[in-house]
S.K.: 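Before we start, here is the structure in question, set down as structure tokens.
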Amino acid sequence: MTSVGPAIEIQGVYTAYEGAERPTLTDVSLTIGRGEYVVIGGPNGAGKTTLLETINGMLPITHGNALVCGHNVRGNGVQVRCRVGYLLQNFSFDPLTPFTVEEVVMMGRFGKMGLFRKPGKEDHDAVKKALALLEIEDLADRPIGHLSGGQQQKVLLAQNLARDPEILLLDEPFSNLDMFAREAINRLLTRLVIDGITVIIVSHAFDDLPDRPVRVLVMQEGKIALDRECSPGEVEQVIRNAGNGTRNA
Amino acid sequence: MLEFLIPNNIVCHAVEAMLFASVACAVLGVIITQIQISSIGFTMAHAAFAGAAVGMFLSLNSTICAIIAGVCVAFLIGPLSDKARVSADTALGLLFGISMAVAIFFIAYMQTLGKGFSAMGLLFGDVISLYREEIYLLAIICVVAVVFVVVLYKEITGIIFNKKIAESVGIRVKPVYYAMLFVIALTVALCIPIIGGLLLYVWLVTPAAIALQFCYRLSAMFVVAPLVAAAISVSGALAGLEYSLPVAPLTAVLLSLVFIIAVVISPKRRITFRKS
């Protein structure tokens, strides 16, 4: 069931890695509506991935509050992650990994199924639909380790889509893809946004954005330095200017 | 349990022990090798060895002390690698060192006091001097290991695939991972009297490694590994007792030979492409 209210509501959030002397996110406040397409930019180490992992509850919030899909992230990380897809950055699998593509995509449903439940018809249908969306049905029985980096990336994206997520967090989703795959994924993400799914991507590939206004967040030293809407053609310049502005300040 | 097939009580006990121990170790071995924590078995075996030595020194039941030590190590690995911010491998190395130090200290001290202590049984196993209760315990742990994998199959596969991805899809990784370590520790501690602390490693790693040469799916590995382990272990026990050879070392050698053959004939290394 889809929750009501904004997709993400974060107030004064601080996130710190265990043992770190300084927080990686500092006093971050942010509201993201349903069906928004958000691009996060900023230099390496600015806190982009940390922000994604704070949203889905994989990193602990030390101060502040975060509501995601109507759930308080603190103490409800598992429930949040059942509604939020997260494509991790740069993954590749060993050729001997004993999992087929279909099995990997099915894993996307495991959290939703809960403990002790076996995959049912609904789960198998969701997997088939996700494979079809990514146009990789023909790879279903192939071992994931035998695929190229781009194909593996598509499989992991299908794994996230199989969950029927309300929010998709994508960390460098275009990094291993060829130009045809990038265009196809871009079209798919645009369609998902139209269907009301919130898409948040960390990317440096600014050619692959939807042909519609997007919201841009620029992270600098664990803070949001800029938050504005702009056309896809402006994104690169806006992020560049925000970076220069902070450096010159 | 198998008296109707093997009338000789000693041989029957040995076969039963090898069968249950090999199936339990092989099932858990698939998890251990796929998460790449095979040194866990080695460390737990030595912790159990240390526990048994302490038990003997304090005139307590050495098997129970071995189980407690193995389980304690299982519960220390996770928190030690989390809190001390070291890899699980380093945590295992630290615990292995402590276990060996404790074991050697107590064995040496007992010798100084004039108390005899034979470490051979614990190091290399002894299948013919097992009590019926110990075989029942092994049967129970074998069932526990199989049921554990069947019931938590999807969580286990998620963790094996990638712990971080498993966490991101909503699997409760930590409780399942610790439960996994607990079952492994229990199995290792109970198998030490049969297989021995040093040879146990072969049972934990080799059947899974053999299965990996032929299986493209994890579910197939969970079937092939225990079948291979059971067949070779029962054959080893029968051959060892028939020809008066040490059972556990003989079975370890047989498992290793089958692994070499599996590597040679594995279809995974064959190139089937033909230019038409």
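Letters go in sequence order (proteins before strands), and every chain restarts at 1. Just so you know, these numbers use all the heavy atoms, side chains as well, and skip hydrogens, waters and symmetry mates. Because the structure is a prediction, the values reported are computed rather than measured.
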S.K.: Measure the spacing between CG of A/L52 and OG of B/S168 and express it to the nearest 0.5 Å.
M.R.: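 Here the rounded value is 11.5 Å.
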S.K.: Identify the heavy atoms of B/Q34 and A/P98 that sit nearest to each other, and give their distance.
M.R.: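 Distance-wise, the nearest heavy atoms are OE1-CD, 3.2 Å.
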S.K.: So which of A/N160, A/T97, A/V104 has the largest heavy-atom pair count under 4.5 angstrom toward chain B?
M.R.: A/V104
S.K.: Under 4.5 Å heavy-atom distance to chain A, tell me which part of B/L218 shows up: side chain, backbone, both or neither.
M.R.: both
S.K.: Looking only at heavy atoms, what is the nearest atom pair of B/V151 and A/K118, with distance?
M.R.: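 What the structure gives for the nearest pair is O-NZ, 4.0 Å.
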S.K.: Using a 4.5 angstrom heavy-atom cutoff, name the option from A/M107, A/M106, A/E53 with the most pairs to chain B.
M.R.: A/M107
S.K.: Quick check: are there more than 12 heavy atoms from other residues, nucleotides or ligands sitting under 6.0 Å from CG of A/D195?
M.R.: yes
S.K.: Around A/H124, counting heavy atoms of other residues, nucleotides and ligands shown, do more than 12 lie under 6.0 Å from its NE2?
M.R.: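 Yes, NE2 of A/H124 has more than 12 neighbouring heavy atoms, counting only those of other groups under 6.0 Å.
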S.K.: For chain B, which candidate among A/M58, A/R109, A/H146 shows the most heavy-atom pairs at distances under 4.5 Å?
M.R.: A/M58
S.K.: Could you give the distance from CZ (A/R81) to CD1 (B/I171), rounded to the nearest 0.5 Å?
M.R.: 10.5 Å
S.K.: Highest number of heavy-atom pairs under 4.5 Å with chain A: which of B/I160, B/N162, B/T157, B/L212?
M.R.: B/T157
S.K.: In terms of heavy-atom contacts, does NZ of A/K121 have more than 12 from other residues, nucleotides or ligands at under 6.0 Å?
M.R.: no
S.K.: Shorter than 4.5 Å, heavy atoms on both sides: which option in A/T100, A/N56, A/I144 has the most such pairs with chain B?
M.R.: A/T100
S.K.: Would you give the length of the straight line joining atom CG of A/L88 to atom NZ of B/K164, rounded to the nearest 0.5 angstrom?
M.R.: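 Between atom CG of A/L88 and atom NZ of B/K164 there are 5.5 Å.
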S.K.: Are side-chain heavy atoms of B/V169 and A/Y86 found at a separation under 4.5 Å?
M.R.: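 Not in contact.
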S.K.: Heavy-atom pairs under 4.5 Å with chain B - which of A/K112, A/Q79, A/R117 has more of them than the others?
M.R.: A/R117
S.K.: Checking the side chain of B/R172 only, and the main-chain atoms of A/V78 only, is there a donor and an acceptor separated by less than 3.5 Å?
M.R.: no
S.K.: Heavy-atom cut-off 4.5 Å, strictly under: side chain, backbone, both or neither for A/L156 against chain B?
M.R.: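 The side chain, not the backbone.
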S.K.: Answer yes or no: does atom CD of A/E122 have more than 12 heavy-atom neighbours from other residues, nucleotides or ligands under 6.0 Å?
M.R.: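 No, CD of A/E122 has 12 or fewer neighbouring heavy atoms, counting only those of other groups under 6.0 Å.
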S.K.: Parallel under 30°, tilted from 30 to 60°, perpendicular over 60°: which one fits the rings of A/F93 and B/F161?
M.R.: parallel
S.K.: Quick check against the 3.5 Å criterion: does B/K154 have a side-chain atom that pairs as donor or acceptor with the backbone of A/G114?
M.R.: yes
S.K.: Among A/C82, A/G57, A/G145, A/G111, who wins on heavy-atom pairs under 4.5 Å with chain B?
M.R.: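 Of A/C82, A/G57, A/G145, A/G111, A/G111 has the most heavy-atom pairs under 4.5 Å with chain B.
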S.K.: Above 12 or not: heavy atoms from other molecules or residues under 6.0 Å from CD of A/E137?
M.R.: yes
S.K.: Atom CD of B/E155 and atom CZ of A/F110: how far apart are they, to the nearest 0.5 Å?
M.R.: 7.5 Å
